[in-house]
2 protein chains.
Amino acid sequence: MESAKQLLNYISKHVNLTEKEELVLLSKVNHRKYLKGQYLVQQGDVCKYTSFVISGCTKMFYMDNEGQEHIAMFSIKDWWSSDLGSFITQTPADYNIQCIENTEVFQFPHHTQEELFKEIPKLERFFRIILEKALVASQKRIIRNFSLTAKERYLNFKNLYPTIEQRVPQYMIASYLGITKEFLSKIKSKLILEQ
Amino acid sequence: MESAKQLLNYISKHVNLTEKEELVLLSKVNHRKYLKGQYLVQQGDVCKYTSFVISGCTKMFYMDNEGQEHIAMFSIKDWWSSDLGSFITQTPADYNIQCIENTEVFQFPHHTQEELFKEIPKLERFFRIILEKALVASQKRIIRNFSLTAKERYLNFKNLYPTIEQRVPQYMIASYLGITKEFLSKIKSKLILEQ
DNA sequence: ATAAAAAGTTAAACTAGATTAACATCATTT
DNA sequence: AAATGATGTTAATCTAGTTTAACTTTTTAT
């Protein structure tokens with residue numbers, strides 16, 4: 001599928017745009033390709049775009065004072081990728097977003113957002129719905145992190161995002177789960193013995 | 001301040017409603033008072049309202065299979081309180097929301113939400129903004145839980161919500177922080193020695 | 001005012017997960 | 001094909017936080 005179609009198809013699952021509106025929308029977003037290793041956002045920069053992923057994979061991570069990477073999320077096809085806090089307030093980002101594969105995105109620029117919502121009020125609704133879903137997912141993750149053990153979180157992750165484990169190195173999955181790569185390795189070898 | 005004024009004042013910080021719109025809004029929300037101990041939502045019920053807290057305090061918590069309470073958030077004056085996942089999808093709630101003080105709220109019913117957005121499109125924007133803020137806060141909390149020790153999380157909590165510690169029992173704060181009350185007690189006694 | 005219940009503290013023994021370090025495997029470049 | 005760097009594994013030791021249990025303090029109800 002052509003990438004613009006993919007974006008419009010995703011949006012059409014939540015709101016119905018006219019053809020005219022679709023054209024306006026496409027005129028206001030940027031289509032862009034990144035190579036593996038490139039950054040969409042760097043910690044300290046202002047996040048100017050919210051990116052919709054067409055293909056590829058990104059990781060959003062926080063680098064703490066000890067230089068340790070903490071992965072907050074992965075984004076693949078039909079997901080969003082941005083440091084929302086920075087995007088909303090246009091202040092320096094807490095997170096980095098880096099491509100872990102060659103990645104194709106559509107970017108919604110902050111400076112055209114108001115215009116966009118004025119011209120297509122339905123998009124206000126669209127983003128409300130997207131945000132609701134993201135918030136629900138985020139709150140569920142907080143609870144999981146508290147009430148599940150590392151092993152349970154790993155199994156839950158595999159269940160929730162079955163395609164990601166195959167394409168992302170284990171040490172990044174460990175970081176996402178909040179454990180060390182050594183401990184994830186231990187969990188996996190125990191799981192194999194158990195079967 | 002009269003409670004309706006308090007709600008309108010809060011909304012006016014994000015969008016400007018006309019007097020007419022304010023009246024429509026008030027005609028579509030329920031004003032309600034709960035006693036300490038009462039539930040706004042019980043795990044398994046469908047969450048029919050999003051509640052805006054005028055006064056008092058609620059806790060939202062998840063009860064796990066071992067019967068342990070995990071507090072996801074506290075809500076006080078000018079905050080929201082609901083199981084969003086359940087509210088949005090109108091499916092059984094994962095969480096309980098219980099008043100830990102006598103609590104006064106305005107409730108936005110799910111079944112009038114569509115009507116409300118149709119009559120006052122600005123509210124669509126209002127809820128988008130609220131959701132953005134909530135999502136940012138939620139994502140920051142995930143990272144804090146991974147990258148900070150229990151002691152650091154406690155200090156951060158005191159800093160972020162200075163009024164809550166005084167009115168909420170320690171064991172609930174421990175639950176919010178994801179630690180036992182015994183360990184929080186230890187952290188506090190160490191902090192006193194350190195000064 | 002007193003009893004009962006709820007909340008908070010302390011300390012000893014324990015465990016999930018971290019750290020360190022040495023080694024093994026896989027992928028990429030030359 | 002060899003060499004280099006990135007990724008993954010195993011095992012020993014260590015630590016942040018849990019569990020259990022006995023005790024103290026505060027709050028609530030009678």
Side-chain angles (χ1 to χ4, degrees), chain A residues 35-38 57 59 61-62 64-71 74 98-102 142 144-158 164-195, chain B residues 35-38 57 59 61 64-71 74 98-102 142-158 164-195:
Chain A
L35 295 175
K36 179 173 172 173
Q38 288 190 303
C57 185
K59 64 174 175 182
F61 64 100
Y62 170 72
D64 72 18
N65 297 329
E66 280 87 48
Q68 270 219 301
E69 227 180 88
H70 300 274
I71 297 182
F74 299 107
Q98 189 180 18
C99 298
I100 54 185
E101 297 174 5
N102 294 342
I142 291 175
R144 277 200 305 272
N145 289 348
F146 280 141
S147 54
L148 302 184
T149 62
K151 177 179 162 191
E152 289 167 327
R153 270 178 279 145
Y154 169 62
L155 292 172
N156 179 270
F157 172 81
K158 279 176 48 139
I164 293 186
E165 197 184 15
Q166 278 97 59
R167 52 205 283 196
V168 166
Q170 293 301 326
Y171 74 89
M172 290 191 196
I173 291 170
S175 169
Y176 177 88
L177 294 173
I179 58 179
T180 58
K181 63 185 200 311
E182 290 85 355
F183 193 57
L184 178 54
S185 194
K186 205 168 171 180
I187 287 169
K188 288 178 69 183
S189 63
K190 262 191 204 160
L191 280 170
I192 290 165
L193 288 179
E194 278 171 23
Q195 308 163 0
Chain B
L35 295 173
K36 179 174 172 172
Q38 288 189 304
C57 186
K59 64 173 175 182
F61 64 99
D64 72 18
N65 297 330
E66 280 88 46
Q68 270 218 302
E69 227 181 89
H70 300 275
I71 297 183
F74 299 108
Q98 189 180 19
C99 298
I100 54 185
E101 298 175 5
N102 293 342
I142 290 174
I143 284 299
R144 277 200 305 272
N145 290 347
F146 279 142
S147 55
L148 302 183
T149 62
K151 179 179 162 189
E152 289 167 326
R153 272 179 276 145
Y154 170 61
L155 293 172
N156 180 269
F157 173 81
K158 278 177 48 140
I164 292 185
E165 197 184 13
Q166 279 97 58
R167 52 205 285 196
V168 166
Q170 293 301 328
Y171 73 91
M172 290 190 195
I173 291 171
S175 169
Y176 177 89
L177 294 173
I179 58 178
T180 58
K181 61 186 202 311
E182 291 85 354
F183 193 56
L184 178 53
S185 195
K186 204 168 173 182
I187 287 170
K188 288 177 68 181
S189 63
K190 262 191 203 159
L191 281 169
I192 290 165
L193 288 178
E194 279 171 21
Q195 309 164 1

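In what follows, every chain begins at residue 1, and chains take the letters A, B, ... in the order their sequences are listed.
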Do A/M172 and A/K181 have side-chain heavy atoms sitting under 4.5 Å apart?
no
Side-chain contact test, heavy atoms from C-beta onward, threshold under 4.5 Å: evaluate it for B/Y154 versus B/E165 and give yes or no.
yes
Any side-chain heavy-atom pair from A/F157 and A/R144 closer than 4.5 angstrom?
no
A/Y171/A/E69 under side chain to side chain donor-acceptor pair (under 3.5 Å): CA gap, chis, key distance, verdict
CA-CA 10 Å; A/Y171 74 89; A/E69 227 180 88; over 6 Å; no
Do A/F61 and A/S175 have side-chain heavy atoms sitting under 4.5 Å apart?
no
Starting at atom CD of A/Q170, determine the distance to atom C1' of C/dT25, rounded to an integer number of angstrom.
14 Å
Rounded interatomic separation in angstrom, taking OH from B/Y154 and P from C/dG8
11 Å
Specify the separation, in whole Å, of atom CD of A/Q166 and atom P of D/dG8.
13 Å
A/Q98 side chain to A/K59 main-chain N or O, any donor-acceptor pair under 3.5 Å?
no
Considering the terminal five base pairs at each end of the helix from C/dA1-D/dT30 to C/dT30-D/dA1, what angle separates the two local helix axes, rounded to 10°?
50°
Verify, without hydrogens or angle tests, whether B/N102 (side chain) and B/K36 (backbone) share a donor-acceptor contact under 3.5 angstrom.
yes
Determine whether A/E152 and A/T149 make a side-chain contact, defined as any pair of heavy atoms from C-beta on separated by less than 4.5 Å.
yes
Atom CD1 of A/I173 to atom C1' of D/dT7: distance rounded to whole Å?
12 Å
Interatomic distance where CD belongs to A/E152 and C1' belongs to C/dA16 [whole Å]
12 Å
Round to a whole Å and report the spacing from CD1 of A/I100 to P of D/dT7.
10 Å
When the distance from CD1 of B/I71 to P of C/dA7 is rounded to whole Å, what number comes out?
11 Å
Once you round it to whole Å, what is the distance between P of C/dA16 and CZ of A/F146?
19 Å
Is there side-chain contact between A/L191 and A/K151, with at least one heavy-atom pair below 4.5 Å?
yes
Which letters describe nucleotides 10-30 of chain D, given B = protein heavy atom under 4.0 Å from base, S = only from sugar-phosphate, - = neither?
B------BBBB----------
